[in-house]
Structures are given as C-alpha cells and as structure tokens.
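Just the heavy atoms: all of them, side chains too, but no hydrogens, waters or symmetry mates, feed the values below.
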Amino acid sequence: MGFFTQFIDCDKQLFLLLNRCHSEYFDYLMGMFTTINLWIPFYLVLIFVIVRRYKQKAAVIIPLLILAIVLTDQFSNIVKDLVQRPRPTHEPSLKGMVHYVLTRGGDFGFFSAHAANTFVLAFFSSKIFRRWPYTVMIFCWAALLSYTRIYVGVHYPFDILCGAICGIGVGWLMYLLCIFLDQHFMVTQHPMIHAVKLRNMDIAILMGALLIILLVTAFIVQSLLKYHLVIPQNAF
C-alpha cells in the first residue's frame, strides 16, 4: 500500500471518528451553523465597522474582501472538478457509515469552499484590524464553521485543511494588494490602513454581534427540538 493510499485511508478514518460524534441537538445546531444565511447579520456588522473605522479607505478594503471570498469560492469549484474526489456521502466504501445532516451535497468535495471562504475572511480582516481579541474570535469562528462541514458529513478533514490553507494564502495576497493600493492610490488625510487599529468599542460591537447570533441560534434549536420541527434545508 502506497503512502498516498495510506494517507487517504487515515483521512477517512479521522472523518469517521469525528463524524460519529453526534446527537439530535447538535444535528440541529451544526445544521444551522453551516448555513450561510445565519451569518449575514454578522457580515453586515463587519462592513459597518470597516466603514466606521476606516472611512474612505473602506472603498478599498470591502471590495478586496469580497473579491477574496469570490476567488476562494470559485477556485474551490475548479479544484473540485479537476480532482473529483467524492464527498464522504458519495464514497462507495463509506456507504452506510456516514452520518449526514441536511443534504448529501454535490458529488465532489476537495477542497471545502466553506473552509476557504471563512478562513480568507478571518485572515484578511485580522490583518486589517490587528487586534488580538478579534483575531482569536474570528479564527475560532472560522474553525467552528469549517468543523460543521465534517459534522454534517460532506467533507473530510483534509478537505477542510486545504480549504483553510487556500483561504489564508488568498487572504495574505489580498492584504498585500490592499496595502499597495492604499499606498499608491488612496492618498487622503487619514492614516495608512496598516497604521489603524480597531477601537475597543469596535471589537465589542463585533463580538456582541457574534454572541447574539450564537445565543439566538441556541434558542431556535431548543424551539425546533421542543416542537419537533425539521432542520432547515438551505445549506450553503
């Protein structure tokens, strides 16, 4: 057995180890966490903080952040079609062994667009904001959302790892481009982007928004369990 085959087998076994740790409560919770619509309020608050803190320079930061997410998302789709590694839910050798929530997903899963998108946002914004409480918070958020893809059964750990690496790489390139554009084309009375940090109030707003979403989601999960309602089907 070659190294590559052994590595793939280890990836499958690690997936099964993580995926089998489930319960009805977490099926609902992870099913909601993995949906993109849940986090729209946080994205809007993030944009608000960028505009509030960086003024005119938000005209550089926000488009580059959006571009970074689009690039990682589309690159993930291209790699999926090229590599064509079946998702766990479509892997014949794992038939009957995968616990999946919501849907089985598309045919191919390498690499995870969820992981790439969340980590590019986490890395790029953390480089812009440069405050360690925010950095810890946003990377924990990215790790949580990435883990949900294993929990709901549609990605292997290696899919997540490669997605995270891609996101961090694109985030770094977008940050360098942001600084370059700021230095050469955004000559204003405001300090350079890399010289501006978030205020404590900005961090409180972001952390408060994330906490509210988590608490509201927990309340919704309790309600779904109480009234035996179905899990939402609008997975990203």
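Hydrophobic clustering, with ILVMFWY side chains joined whenever heavy atoms are under 4.5 angstrom apart, keeps M32 apart from L211. Both I205 and M207 belong to a single network of hydrophobic side chains, linked directly or stepwise wherever heavy atoms of I, L, V, M, F, W or Y lie under 4.5 Å apart. Following chains of ILVMFWY side-chain contacts shorter than 4.5 Å, one cannot reach L173 starting from V120, and the two form parts of different hydrophobic clusters. With hydrophobic clusters built from ILVMFWY side chains whose heavy atoms lie under 4.5 angstrom apart, F26 shares a cluster with L144. A continuous path of ILVMFWY side-chain contacts below 4.5 Å connects I179 to L177, so both sit in one hydrophobic cluster.
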Side chain to side chain contact (heavy atoms under 4.5 Å, CB included) evaluation trace for F129 with I138: CA-CA 11 Å; F129 293 161; I138 200 65; over 6 Å; no
CA sep, side-chain torsions, deciding dist, call: D107, R87, salt bridge (charged side-chain N to carboxylate O under 4.0 Å, His left out): CA-CA 6 Å; D107 292 337; R87 292 181 187 270; over 6 Å; no
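The two residues A58 and P63 come nearest to each other via the heavy atoms O-CD, 3.6 Å. Across all non-hydrogen atoms, the minimal contact from T34 to H114 is O-NE2, 2.9 Å. Taking all atoms of both residues into account, the shortest heavy-atom contact from F111 to A116 is CE1-CB, 3.9 Å. Of all the heavy atoms in F33 and L145, the pair that sits closest is O-CG, 3.9 Å. When all heavy atoms of F124 and G171 are compared, the closest pair comes out as CD1-O, 3.7 Å. Here the shortest heavy-atom pairing between L18 and Y147 reads O-OH, 4.1 Å.
Annotation: cation-pi pair K80/F108 absent, no NZ/CZ under 6.0 Å from the ring centroid and within 45° of its normal.
Checking each of I62, L67, I61, I66 against L64 for a side chain to side chain contact (heavy atoms under 4.5 Å, CB included) leaves exactly one that passes, namely L67. With P88 as the fixed residue, the side chain to side chain contact (heavy atoms under 4.5 Å, CB included) test singles out one of L16, D11, V98, N19: V98.
H90 places no side-chain N or O within donor-acceptor distance of the main-chain N or O of P86, the cut-off being under 3.5 Å. At distances below 3.5 Å, at least one donor-acceptor pair connects side-chain atoms of Q84 with backbone N or O atoms of D81.
How far SG of C166 is from CG of L161: 11.5 Å, rounded to the nearest 0.5 Å. Rounding to the nearest 0.5 Å gives a distance of 3.0 Å between OG of S93 and NZ of K12. Distance OG1/T217 to CH2/W39: 6.0 Å, rounded to 0.5 Å. Expressed to the nearest 0.5 Å, how far CZ of F15 lies from NE2 of H155 amounts to 10.5 Å. One finds the CZ atom of F123 at 12.0 Å from the CE atom of M174 (value rounded to the nearest 0.5 Å). A distance of 12.0 Å separates CE in M201 from CG in L206, rounded to the nearest 0.5 Å.
Ring to ring, F7 and F158 are close: their centroids are under 6.0 angstrom apart.
Residues I69 and Y43 fail the side-chain proximity criterion, which asks for heavy atoms closer than 4.5 Å. Considering only heavy atoms from C-beta on, V45 stays 4.5 Å or farther from L210 through its side chain. T118 places a side-chain heavy atom less than 4.5 Å from the side chain of W141. Residues L198 and R53 meet the side-chain proximity criterion, which asks for heavy atoms closer than 4.5 Å. By the 4.5 Å heavy-atom criterion applied to side chains, L44 and F48 are not counted as neighbours. Considering only heavy atoms from C-beta on, Y54 stays 4.5 Å or farther from V49 through its side chain. Looking at heavy atoms from C-beta onward, L46 lies in side-chain contact with L121 at the 4.5 angstrom threshold. At a threshold of 4.5 Å between non-hydrogen side-chain atoms, the residues V154 and V101 do not count as touching.
R199 CZ: 12 or fewer foreign heavy atoms inside a 6.0 Å radius. In this structure, Y100 places its OH atom where only 12 or fewer heavy-atom neighbours from other residues, nucleotides or ligands lie under 6.0 Å away. Within a 6.0 Å sphere centred on CZ of F75, heavy atoms belonging to other residues, nucleotides or ligands number 12 at most.
In summary, R52 and D202 engage in a salt bridge, as defined by a charged side-chain N under 4.0 Å from a carboxylate O. Between R85 and E91 there is no salt bridge, since none of the side-chain N atoms of the basic residue sits less than 4.0 Å from a carboxylate O of the acidic one. Ion pairing of R149 with D159 is absent here, as no side-chain N (NZ or NE/NH1/NH2) approaches a carboxylate O to less than 4.0 Å.
There is no side-chain donor-acceptor pair under 3.5 Å between H99 and R20. Under 3.5 Å, the side chains of S125 and Y134 contain a donor-acceptor pair of N or O atoms. Side-chain contact annotation: T135 with S126, donor-acceptor N/O pair under 3.5 Å absent.
Clustering of Ile, Leu, Val, Met, Phe, Trp and Tyr by side-chain heavy atoms under 4.5 Å joins W132 with V136.
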